[in-house]
Amino acid sequence: MSGFQLNENSKTGNMDLFQFAVLNPQIALLAFLRLGEKMASQPQKIENSQMDLLNRYLELQKTFIQELCENRKSCLDLKYNEKEKKFEEDAFANNPMMLFVRRFYETTSSWMMDTLDSFENIDPKIVHHAKFFMKQYIDMLSPDNFPLLNPKVLQETLNTHGENFKKGMEMFLDDLKNGTITTNDKKSFAIGKNIANTPGKVIFQNDIIELIQYSATTDKVFAKPILFIPPWINKFYILDLNEKYSFVKWAVNQGITVFMISWINPDKRYRNVSFEDYAIEGVVTAINKIHEITKSESVHALGYCVGGTLIASLLAHLSDARCKKRPKANIESATLLTTLLDFQHAGDMSVFMTSNYLDAISAQTAEKGVLDGNVMYNTFSALKAKDMIWRYVINSYMLGHKPAPHEILFWNSDPTNLTQSMQKFLSHDLYRDNLLKTGKLKLAGVPINLELIKAPIYMISMRKDHLVPWPAVFDGMKLFKSNVRFVVGGSGHVAGVVNHPDLHKYSYWINDKVTETAKEWFDTAREIQGSWWNNWFEWIKPMMGKLITPPIIKDFVRDAPGIYVKNMVPEQLAMQKSHKNGKK
């Protein structure tokens, strides 16, 4: 493998948490200074903005005083339940001070964001970066984040005599020690027992992957199997949470033979493991093993997020006549879930691809050999700070409530490291330089040209995806010349993907027309109630081949979900084997 060498004498251990400030005030200030420099050339806009704020405040004052006079609310309308000896739930909610503070905050916040949009002839990237940081600070300064301005916190403090803050401080100190905010009750889940527990076997292992084959649940299965390729920056079991959310379990129940790649959670010995290694030693090796087991000449591939980017790149590489390493079975179709191919409009993630951030991250990965998974977890949390940070600051640290169990949040807080080589590839080559779109990205020395792909493609994005905006996925779809079914699902990056049909939650949109823009596509699309899973199965079923007797799993390494998902590495496995042999 290119640059892939493990030091057998290296010792494994817990990695020091990178001290990386996601919301670095200096970088935020730089974004505002760049915007301010452009705004200074439009003095009339500044004057109009100031007058707009004054008018909003006057209207707020007028409306608020009028409401107070009409409702005649007292300044302290505290409702105390003598029987239960505690304040009622809405004790402070209708207090005039609380109401005014919130309306003042909402008025000011909306004016700040509107002001950024009111100026003309400014680079959209500069505006986007400034709006991102502005939104972060607006969320941070919400009255709910301050105990004396939060009605629920005041009520809980009086009812528990301050016990809520005692409990909150204990949780805060634990989180401070762990380096992350706890968002769920992790003790409620055990990998392989009540999560990632679809029956199967690890039928192959190398230094990068464990390959899982899931046990059939039907008397007959389709002849052509499917290989699931999760992102290398997350654990695979987002596609196999439990009966309620498991895409794997559902697919198996449809008569599909499903194989899953479980990526290693790399340590510093993997620093040079590259995109080429993940593609060839990971995916191509997996396809060869699948061919050996099933004897099928074709495999369908399904990639999630950057796993989809990997599949599209490999498929383009295999379509090139200069390709030298071909798998024993061809990739007949590709399913790309929330996958970016054109990174020009990559949403809020682009904020972290400026030279300031990249220099800081590159320095850390150079020292450690990997980018610690907690850094990415904290970064992703910052993209939805209101839901993923401040919500738990209030509920845990102020109200003293322990987070409830949640399968998706458990997976979300179980991050993986990123090798130094892959960190550079992801941040520099894809996000910053957009080399995949320009055709300058190479795999095994051959430029990747997505136009060469002839296999049919199912491409789905999510309407409320904050990590992979659906219009950006639409832009990437246009890089293909092959037959593509483009679909937009409901909800976000994760909840929209694991949308089991039995949940009856989100709808999806399809459009048979060829349109130039994402807006035009959506405006003329048809909304269909139900899960996109059904639409996908309808699309892929004609390509799955005849029904056959399920392939028997004869030789295997261990039971699913394997050990890589539990953060074990090959050296630890070797140590375990030595220990077992010693016992014998």
Side-chain angles (χ1 to χ4, degrees), residues 226-241 245-248 250-251 260-261 263 301-315 333-350 352 376-377 379-381 383-384 387-388 408 411-412 415-416 426 430-431 434 436-437 450 457-480 484-500 505-511 518 521-522 525 531-536 539-540:
I226 292 184
L227 173 62
F228 282 18
I229 300 95
W232 59 81
I233 58 175
N234 297 113
K235 301 290 180 66
F236 79 85
Y237 63 89
I238 185 56
L239 296 171
D240 184 34
L241 289 171
Y245 296 108
S246 178
F247 189 28
V248 168
W250 179 85
M260 172 73 77
I261 283 181
W263 300 111
L302 182 149
Y304 183 18
C305 193
V306 287
T309 308
L310 174 60
I311 278 297
S313 301
L314 178 60
L315 194 53
S333 77
T335 299
L336 310 180
L337 312 180
T338 63
T339 295
L340 280 177
L341 300 173
D342 182 347
F343 289 78
Q344 183 175 357
H345 303 292
D348 288 341
M349 276 300 295
S350 63
F352 300 104
M376 290 190 288
Y377 169 69
T379 301
F380 292 146
S381 294
L383 295 177
K384 295 188 70 175
D387 294 328
M388 296 301 298
I408 294 177
W411 166 85
N412 189 55
T416 59
L426 185 62
L430 292 184
Y431 273 93
N434 203 10
L436 183 57
K437 178 184 179 180
L450 297 177
I457 295 171
Y458 186 98
M459 201 168 187
I460 183 166
S461 55
M462 299 302 157
R463 189 180 182 187
K464 296 181 180 180
D465 195 334
H466 67 291
L467 291 175
V468 181
W470 82 263
V473 180
F474 179 88
D475 291 341
M477 180 265 296
K478 293 191 291 185
L479 298 176
F480 294 119
V484 181
R485 176 179 290 193
F486 185 78
V487 181
V488 174
S491 194
H493 189 73
V494 175
V497 170
V498 294
N499 182 28
H500 197 292
K505 293 187 72 173
Y506 311 116
S507 56
Y508 61 94
W509 289 260
I510 60 174
N511 194 339
W521 185 95
F522 196 82
S531 172
W532 66 269
W533 293 11
N534 293 323
N535 181 263
W536 170 79
W539 172 81
I540 202 170

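Reckoned from all heavy atoms, side chains included, excluding hydrogens, waters and symmetry mates. Index from 1, following the sequence.
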Between [Y] and [X], is there a side-chain heavy-atom distance shorter than 4.5 Å?
{"X": "R463", "Y": "W509", "value": "yes"}
{"X": "P230", "Y": "I238", "value": "no"}
{"X": "S531", "Y": "N499", "value": "yes"}

With F247, the ring pair (Phe, Tyr, Trp, His ring centres under 6.0 Å) member among Y304, W536, F236: W536
Quick check: does any side chain N or O of [X] sit under 3.5 Å from a backbone N or O of [Y], one acting as donor and the other as acceptor?
{"X": "S461", "Y": "T338", "answer": "no"}
{"X": "W411", "Y": "K235", "answer": "yes"}
{"X": "N434", "Y": "F343", "answer": "yes"}
{"X": "S381", "Y": "Y377", "answer": "yes"}
{"X": "T339", "Y": "L337", "answer": "yes"}
{"X": "D465", "Y": "W470", "answer": "no"}

task: Look at the aromatic rings of F474 and F486 and report parallel, tilted or perpendicular, splitting at 30° and 60°.
output: perpendicular
- request: Name the orientation class of the two ring planes belonging to W539 and Y458 (parallel below 30°, tilted from 30 to 60°, perpendicular beyond 60°).
  value: tilted
Within this structure, what is the [atom1]-[atom2] distance for the pair [X] and [Y], rounded to the nearest 0.5 Å?
{"X": "F228", "Y": "M260", "atom1": "CZ", "atom2": "CE", "result": "6.0 Å"}
{"X": "F352", "Y": "S350", "atom1": "CZ", "atom2": "OG", "result": "9.5 Å"}
{"X": "L450", "Y": "K478", "atom1": "CG", "atom2": "NZ", "result": "14.0 Å"}
{"X": "L340", "Y": "D475", "atom1": "CG", "atom2": "CG", "result": "9.5 Å"}
{"X": "K384", "Y": "H493", "atom1": "NZ", "atom2": "NE2", "result": "11.0 Å"}

query: Are Y506 and W532 close enough, and set up right, to give a ring-ring contact (aromatic ring centres under 6.0 Å, His included), and what steps lead you there?
result: CA-CA 9 Å; Y506 311 116; W532 66 269; over 10 Å; no
- prompt: Are W263 and T416 close enough that a side-chain donor and a side-chain acceptor fall under 3.5 Å?
  reply: no
message: Which residue in the set T335, I457, N535, I510 passes side-chain contact (heavy atoms from CB on, under 4.5 Å) when paired with R485?
response: N535
task: Check the pair M459, V487 against side chain to side chain contact (heavy atoms under 4.5 Å, CB included), reporting the backbone distance first and the verdict last.
output: CA-CA 6 Å; M459 201 168 187; V487 181; over 6 Å; no
field: Inter- and intrachain pairs under salt bridge (Lys or Arg N to Asp or Glu O under 4.0 Å), touching residues 336-350, at least two apart
entry: D342-K437
Minimal non-hydrogen separation, L239 against V497, with atom names: CD2-CG1, 4.3 Å
task: Compare every heavy atom of L336 with every heavy atom of G308, then report the nearest pair and how far apart it is.
output: O-CD2, 3.5 Å
